[in-house]
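Numbering of ligands and ligand atoms starts at 1, following listing order. Here, residue 1 is the first one in the sequence, and each next residue gets the next number.
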Amino acid sequence: MPNTVLVTREPPIAVVQLNRPDVLNALNEEVLGELVTALGTLDDDGEIRCIVLTGNERAFAAGADIKQNFVTATPVTMLAQDLTARWEAIRRVKTPIVAAVSGFALGGGCELAMTCDIIVASETAKFGQPEINLGIIPGAGGTQRLTRAVGKWVANEMILTGRFVGAQEAKSIGLVAQVYPAASWLQDAKTLARTIAEKAPVAARLATEAVDLAWNSTLDAGLEFERKAFYLLFATEDKKEGVDAFVNKRKPTFKGK
Ligand code: CO8
């Protein structure tokens, strides 16, 4: 049974909570393994249409577990352990994932949030890539995803100083979609997830894949994918349902077919 990651199914959404509060949810092999398993199981669960990934009020995750993973690490042990290989499995989850951040999202924690499809934050959230203070650099996508999100100049300033960026600033630089009150951040994130879960699941999946391509490919390749995905959706029952609901002035019910 997992214990460093807690899963709560509330169909059509599920909440996945990192659960190492004593170390501010520092990421070690066990957490990442359980996280990948939990997300994979939910991704195969036909009743779950949106996942909220979260921590606790004090921390989403304060990065890699420095004490466990870095003290005696050598390039060879880092390569053998290859923690960041888990990132690929997380990135490939098809169900939309909302990262709900309260408190610290630092280093690998910020990078984990950036693998998600949407980041929302409590007003208490603090994002940062402080690896420079350890004499290293971000190693799980920070130099790439942060730069694509906020641009070269802000990314370099954050990465070279290691400073923490508050929730409002994170929103203003495009890292965060919504900032919620500290009293209701998780409920608000779940409400967002339920809104997404009501939409057509196949369209949602193709939309996030297409948006990811805007990062990972050329404009031409992205547009080509978008066009084909758009045409493909005309074969779905959910497209018939959505259009019929509009024409007949009723609320659609999507089946993911
Ligand atoms: N690793 C291990 N333990 C941690 C970590 C961490 N990243 N962060 C906090 N803790 C522990 C502290 O050691 C402390 O434990 P103890 O009570 O036993 O001393 C406990 O959590 C509470 O922390 P603090 O007492 O330090 O709490 P403060 O409120 O004073 O400070 C901070 C909070 C500012 C978040 C501070 O803890 C801090 O600076 N933490 C480290 C942040 C950091 O540098 N993160 C980047 C790590 S490097 C990284 O993530 C690279 C990722 C590359 C790949 C990822 C693959 C997994």
For atom 7 (N) of ligand 1, the option (of Gly103, Ala64, Ala140, Ala105) bearing the nearest heavy atom: Ala64
Heavy atom to atom 47 (C) of ligand 1, shortest distance: which of Val31, Ile136, Ile66, Ile137 holds it? Ile66
Do Thr95 and Asp43 pair up side chain to side chain, a donor and an acceptor below 3.5 Å, judged on atom types alone? yes
Hey, what do you get for CG (Asn28) to CD1 (Ile66), rounding to the nearest 0.5 Å? 12.5 Å
Go through ligand 1 atom by atom and flag the ones less than 4.0 Å from a non-hydrogen atom of Asp22. 20 (C), 21 (O)
Residues that Glu123 engages under side-chain hydrogen bond (donor to acceptor under 3.5 Å, both in side chains), provided they are two or more places apart: none
For Lys255, enumerate each residue passing the salt bridge (charged side-chain N to carboxylate O under 4.0 Å, His left out) test, keeping only those at least two apart in sequence or located in another chain. Glu237
Does one hydrophobic cluster hold both Trp185 and Val52, with members joined at side-chain heavy-atom distances below 4.5 Å? yes
Looking at Glu198 and Lys251, is any side-chain nitrogen of the basic one under 4.0 Å from a carboxylate oxygen of the acidic one? yes
Would you indicate which of Leu27, Val71, Asn25, Val23 comes nearest to atom 11 (C) of ligand 1 when only heavy atoms are counted? Val23
From Ala62, Gly107, Gly63, Gly139 - option closest to atom 43 (C) of ligand 1 by heavy atom: Ala62
Which residue owns the protein heavy atom closest to atom 23 (O) of ligand 1, what's the atom, and how far is it? Leu24 CD1, 3.7 Å
Against heavy atoms of Asp65, which atoms of ligand 1 measure under 4.0 Å? 1 (N), 2 (C)
Atom indices of ligand 1, in the order listed, that fall short of 4.0 Å to a heavy atom of Thr84: 54 (C)
So, Asn248 versus Asp244: side-chain donor-acceptor pair below 3.5 Å or not? yes
Nearest protein heavy atom to atom 27 (O) of ligand 1: under 4.0 Å? yes
Under 4.0 Å from atom 39 (O) of ligand 1, is there any protein heavy atom? no
At a 4.0 Å cut-off, with the gap strictly under it, does some heavy atom of Gln129 reach an atom of ligand 1? no
Can you tell whether the side chains of Asp65 and Arg20 come within less than 4.0 Å, N to carboxylate O? yes
